[in-house]
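Beneath this line is the structure, given in structure tokens, with notes to follow.
The first residue of the sequence shown is numbered 1, and numbering continues consecutively from there. Treat the numbers as computed from the prediction; the structure is a model and nothing was measured.
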Amino acid sequence: MDLGIAGDTALVTASSAGLGRASAEALAAEGANVVICGRDADRLAETESELSDLAGDVVSVQTDITSKNELDALVEAAVEEFGGIDHVVTSAGGVPPGGFTDLTEKDWYGAYDMLVMSAVWTIKAALPHLEASDKGTVTCITSRTVKEVVDDLILSNAVRRGVIGLVKSLSWELAPDVRTNAVLPGAHETGRIQELVDAAVERGDHDTYEEGLAEWSNGIPMGRIGDPRELGDVVAFLASDKASFVNGACVPVDGGTLRSA
């Protein structure tokens with residue numbers, strides 16, 4: 001399916017690895033010009049190089065998404081490079097695990113900046129350009145924890161729900177000029193999960209990587225965890241005219257893990 005986004009410009013935050021990177025890859029594969037960002041300069045440059053053979057141009061800007069000033073500069077760099085922005089995809093790294101009594105006030109404020117304010121700052125800076133586009137979209141990558149809480153992930157359970165409130169509010173405020181949606185990923189074989197499985201193998205919890213990965217598949221009706229690109233393809237679809245009547249949606253991409261509607 002031709003999604004019709006070739007030549008569009010997409011900005012994807014926290015995209016040097018993980019689900020942000022997979023989203024950038026899917027958009028670039030469809031011919032969109034993509035601006036990626038991350039804090040680690042070496043990993044960011046490596047990602048830009050690895051995506052350079054795709055149909056769309058990919059440029060990188062080193063950015064700390066917990067800094068409003070750096071996100072403003074990221075948007076300015078995207079506009080300077082490509083002349084505008086048609087699509088924004090907000091992603092963010094993980095926040096510390098733990099239960100209510102394990103975490104400090106600083107952890108809570110840090111999680112809010114990382115998960116909520118990074119999206120607010122990015123969208124606000126990009127909004128004039130999205131509104132000037134004839135196909136502006138925002139897609140926020142959150143987590144299935146906004147629907148069903150997960151043990152020992154209280155920061156993700158609680159704070160990410162603020163992003164869903166933002167998405168639903170903007171789907172009314174910005175339409176019809178800009179469509180706003182969210183995707184709710186479950187377990188995908190990102191670098192983070194690979195590290196956790198490798199550590200479990202080193203501890204002797206599993207004999208092989210494959211055995212450890214299989215444990216992550218428990219409770220997933222599809223019988224496996226996701227490939228990050230499967231999430232990225234949904235993000236690319238939501239940015240396209242093929243999803244032109246999809247607005248305010250929160251789309252689970254979790255292999256059916258969620259039991260709630």
Side-chain angles (χ1 to χ4, degrees), residues 12-29 34 36-54 58 60 62-66 89-98 107 110-111 114-115 118 139-146 148 150-157 160 183-236 252-258:
V12 186
T13 61
S15 43
S16 62
L19 299 178
R21 174 191 166 130
S23 299
E25 180 181 356
L27 288 160
V34 182
I36 63 173
C37 76
R39 285 181 295 188
D40 186 315
D42 291 338
R43 185 165 65 182
L44 187 61
E46 181 181 356
T47 299
E48 180 181 5
S49 176
E50 291 174 350
L51 300 185
S52 63
D53 291 334
L54 298 174
V58 178
S60 63
Q62 188 175 8
T63 307
D64 178 355
I65 66 169
T66 65
V89 179
T90 67
S91 181
V95 292
D107 292 327
M114 173 74 76
L115 300 178
S118 65
T139 304
C140 297
I141 301 174
T142 60
S143 169
R144 71 181 182 90
T145 61
V146 303
E148 293 176 356
V150 175
D151 290 346
D152 294 321
L153 289 180
I154 193 168
L155 290 179
S156 183
N157 295 339
R160 287 188 190 275
V183 290
L184 318 181
H188 288 74
E189 194 176 358
T190 60
R192 175 60 176 161
I193 283 185
Q194 291 169 357
E195 291 172 1
L196 292 172
V197 173
D198 286 338
V201 172
E202 289 182 11
R203 290 195 306 268
D205 296 345
H206 306 290
D207 292 332
T208 65
Y209 176 86
E210 290 71 23
E211 182 182 301
L213 196 64
E215 183 170 304
W216 280 87
S217 304
N218 292 339
I220 302 177
M222 292 297 291
R224 62 177 178 83
I225 69 170
D227 183 313
R229 181 59 184 271
E230 292 177 298
L231 184 284
D233 287 339
V234 175
V235 170
V253 188
D254 66 351
T257 306
L258 286 174

Contacts of T145 that satisfy side chain to side chain donor-acceptor pair (under 3.5 Å) - sequence neighbours left out: S143, S156
P185 and side-chain contact (heavy atoms from CB on, under 4.5 Å): which single residue from T190, V235, L231 fits? L231
Kindly say whether E46 contributes a backbone atom to a donor-acceptor pair with the side chain of S49 at under 3.5 angstrom? no
Any donor and acceptor pair, going by atom type alone, linking the side chain of T13 with main-chain N or O of S91 inside 3.5 Å? yes
Sequence neighbours excluded, which residues qualify as side-chain contact (heavy atoms from CB on, under 4.5 Å) partners of I225? A187, E189, I193, L213, W216, S217, I220
Could you walk me through whether V183 and T142 pass side-chain contact (heavy atoms from CB on, under 4.5 Å), step by step? CA-CA 6 Å; V183 290; T142 60; over 6 Å; no
Can a donor-acceptor pair be found, under 3.5 Å and without considering hydrogens, that links the side chain of S16 to the backbone of L44? no
Identify, with sequence neighbours excluded, every residue that meets salt bridge (charged side-chain N to carboxylate O under 4.0 Å, His left out) alongside R160. none
Please confirm whether the backbone N or O of V201 pairs with a side-chain atom of D205, one donor and one acceptor, at under 3.5 Å? no
Listing request: all salt bridge (Lys or Arg N to Asp or Glu O under 4.0 Å) pairs with a residue in residues 214-229, at least two apart in sequence or in separate chains. E25-R229, R224-E230, R229-D233
Just jot down the side-chain contact (heavy atoms from CB on, under 4.5 Å) partners of A22, sequence neighbours excluded, or say none. P228
Run the side chain to side chain donor-acceptor pair (under 3.5 Å) test against Q62 and tell me which residues pass, sequence neighbours left out. none
